[in-house]
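Position 1 is the first residue of the sequence; numbering continues from there. Note that this is a predicted model, so its numbers are computed, not measured.
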Amino acid sequence: MKKKILYPLLGLSAVLLLSACGSSETGSGSSGSTSSGSDSTVTETEATTEAQTEASLSSVVPSDYLLENAADYITTEGLEGLEVTQYTYEITDEMVQEHIDSLLAQMSEETDVDRAAEMGDLVYVELSCSVEGSSSSYTENTYFTLGEADYGEDFDTALVGAAAGETVTFDITYEEDAADETLIEEDWAGETVHFEVEISSVCEVTTPEYNDDWAAENTEYATTEEFETALRKSLEEDYEEQSYADVLDELLTLAVASCEISEIPDELYDACREETLNDYASFIDSTDEEEILAVFDMTEDDLDAEVQTLAQRRLLISYICEENEIELSGTDYVAYLEEYASDYGYDTTEEFEEEWGRSYLVWSMYETEAAKILYNSANITTEAYEQIILTDEEADELEAETTAAAGEETENPEAETDEAVIETET
């Protein structure tokens, strides 16, 4: 689902100036040639369209989306002094290297080869698989890089030697902890899985060599050292923004929990319900409510709980904006779109708005403003983030212990408990 507060994506685009963005076009444009009349007409047309779009967006009245007289539905003893932890993050050499590797992978080139697959090749396949003694099975078109062992080393080894047009069948019995170390389905762990793999194509992958020449040709930096320094700084800024956004989101959640809400007005509930269903529908290209519930394994009660949570949040936002006389204009909305459209990779604000929806974006803008007010009065503890990686088995044990502790706390409300922030990784 979409995040409640928008924030810029990791800003590699701010660090990189890839030659793929059109160095040849820049060269031709700087040669002194004059644009043709046709090009001028297109430019004028585009400028006119952009001006019309901005004028239309500027006419939006954001306050129309807020609930009027929110104080009639909500009671609070005060929202100042909420306690929250804001984490700081250390950017390690490993994190920098991961981003470099990811960038080089994106710049890799694939070449179809007329030979049998080898380790390191990218193979496109039609994969059919079924669990022995179970009705669990599926077929999909996908791809694997041999050697990465997404489905385990035995899987990759079975595909080595197969060429395009050939079909390979084999069985693999997975260990109980295989789901912790691979990308297999969880219900495959400890089971024997039958595979039928039809090879569609075999490709060699050529990855650019990472050196000073690469940095000079593909970035705005002359050396890899300069590039890595800029990348590290960009990551630091991105994680600071992420940490701040997380705190804003947490403060809104805490604020809702601290309030007493007498009721949710029908118009607010209906709007939140429609938006929630539309969010789910965007994943399956269907607006049929029964189909949405079936696909996402939800009940009406599950949907209602999600809608209630969103409605309560927006009731609180309306209340905070009302109490603090926050007024946003259509011009503010345009500026908000312009800021985030580029951060999220959209060419125009119109495309950005169409994808996310005007109602969601207006509410997101107000959420940020309301959360800032909570932030300015909150008791914030700064703490270095420590990642704790658990296996599935350890996570299950921790969940069981937490559930048991919660039961004991219910019996003894005055008992003190410690909170732990745990990140699990499969």
Side-chain angles (χ1 to χ4, degrees), residues 1-8 62-63 65-89 237-265 268-269 272 305-328 332 336 340 360-388 402 405-406 409-410 412-423:
M1 301 300 291
K2 298 171 183 172
K3 291 191 178 297
K4 298 300 181 185
I5 299 177
L6 293 179
Y7 50 85
S63 59
Y65 291 83
L66 293 176
L67 180 69
E68 294 183 359
N69 303 317
D72 293 344
Y73 307 96
I74 191 169
T75 303
T76 176
E77 296 180 358
L79 299 174
E80 297 81 12
L82 294 174
E83 296 185 358
V84 67
T85 299
Q86 183 165 0
Y87 290 98
T88 59
Y89 297 85
E237 293 172 350
D238 290 334
Y239 273 90
E240 286 178 5
E241 291 178 357
Q242 175 73 65
S243 177
Y244 177 62
D246 288 343
V247 170
L248 295 187
D249 190 66
E250 177 67 15
L251 284 170
L252 284 171
T253 300
L254 291 174
V256 170
S258 71
C259 297
E260 182 178 336
I261 296 176
S262 58
E263 65 174 306
I264 301 294
L268 177 60
Y269 180 89
C272 291
E306 188 169 335
V307 174
Q308 289 280 355
T309 299
L310 179 59
Q312 290 172 2
R313 189 184 185 98
R314 290 187 173 174
L315 176 57
L316 172 69
I317 292 164
S318 297
Y319 172 81
I320 294 175
C321 292
E322 184 179 278
E323 292 294 305
N324 293 274
E325 299 181 349
I326 296 176
E327 296 182 3
L328 298 175
D332 294 324
Y336 187 81
Y340 286 104
Y360 176 82
L361 292 170
V362 170
W363 276 109
S364 181
M365 181 171 63
Y366 274 119
E367 282 193 9
T368 302
E369 296 302 316
K372 285 179 182 177
I373 291 175
L374 297 176
Y375 186 90
N376 291 335
S377 66
N379 292 326
I380 300 174
T381 301
T382 302
E383 183 178 320
Y385 179 80
E386 181 179 356
Q387 184 182 39
I388 302 176
T402 303
E409 182 181 2
T410 302
N412 182 12
E414 297 182 358
E416 294 184 0
T417 59
D418 294 329
E419 294 184 358
V421 178
I422 305 294
E423 178 171 317

Task: Residue list, side-chain hydrogen bond (donor to acceptor under 3.5 Å, both in side chains) with Q312, at least two apart or on another chain - done: none

Open item on the list: Distance check, rounded to the nearest 0.5 Å: T381 atom OG1 versus Q86 atom CD?
Closed with: 10.5 Å

TODO: Please name the pair of heavy atoms, one in E250 and one in V84, separated by the smallest distance, quoted to 0.1 Å.
DONE: CG-CG2, 3.5 Å

TODO: State, yes or no, whether a side-chain contact exists between L79 and S258 at a heavy-atom distance under 4.5 Å.
DONE: yes

TODO: Specify the closest pair of heavy atoms between C321 and Y366, including all atoms of both residues, with the distance to one decimal.
DONE: SG-CD2, 3.6 Å

TODO: Taking all non-hydrogen atoms of both residues into account, name the closest pair between L252 and R313 and its distance.
DONE: CD1-NH2, 3.5 Å

Task: CD/E263: more than 12 non-hydrogen atoms of other groups inside 6.0 Å - done: yes

Open item on the list: On a heavy-atom basis, which atom in A255 and which in L374 lie closest, and how many Å separate them?
Closed with: CB-CD1, 3.8 Å

Task: Partners passing ring pair (Phe, Tyr, Trp, His ring centres under 6.0 Å) against Y89 (at least two apart in sequence or in another chain) - done: Y239, Y385

TODO: Supply the atom-to-atom distance E367 CD to L251 CG, rounded to the nearest 0.5 angstrom.
DONE: 12.5 Å

Open item on the list: Given 3.5 Å as the limit, does a donor-acceptor pair link the side chain of D249 with the main chain of A245, or not?
Closed with: no

Task: Distance (rounded to the nearest 0.5 Å) between L315 CG and L268 CG - done: 6.5 Å

TODO: Working to the nearest 0.5 Å, report the span between CD of E260 and CD1 of I74.
DONE: 10.0 Å

TODO: Decide side chain to side chain contact (heavy atoms under 4.5 Å, CB included) for W363 and I317; before the verdict, give the C-alpha distance in whole Å, the side-chain angles of both, and the deciding distance to 0.1 Å.
DONE: CA-CA 9 Å; W363 276 109; I317 292 164; 4.1 Å; yes

Open item on the list: Quick check for you: to the nearest 0.5 Å, what is the distance between T85 atom OG1 and D246 atom CG?
Closed with: 12.0 Å

Open item on the list: Checking the side chain of S318 only, and the main-chain atoms of A70 only, is there a donor and an acceptor separated by less than 3.5 Å?
Closed with: no

Open item on the list: Ignoring hydrogens and geometry beyond distance, is a side-chain donor-acceptor pair present between Y336 and S364 at under 3.5 Å?
Closed with: yes

Task: Over all atoms of both residues, closest heavy-atom pair of E369 and L328 - done: CG-CD1, 4.1 Å

- [ ] Specify the closest pair of heavy atoms between T88 and A384, including all atoms of both residues, with the distance to one decimal.
- [x] OG1-CA, 3.3 Å

Task: Any donor-acceptor pair under 3.5 Å from S243 side chain to Y87 backbone - done: yes

Open item on the list: Can you see whether D238 engages Q242 through a side-chain donor-acceptor pair at a distance of less than 3.5 angstrom?
Closed with: no

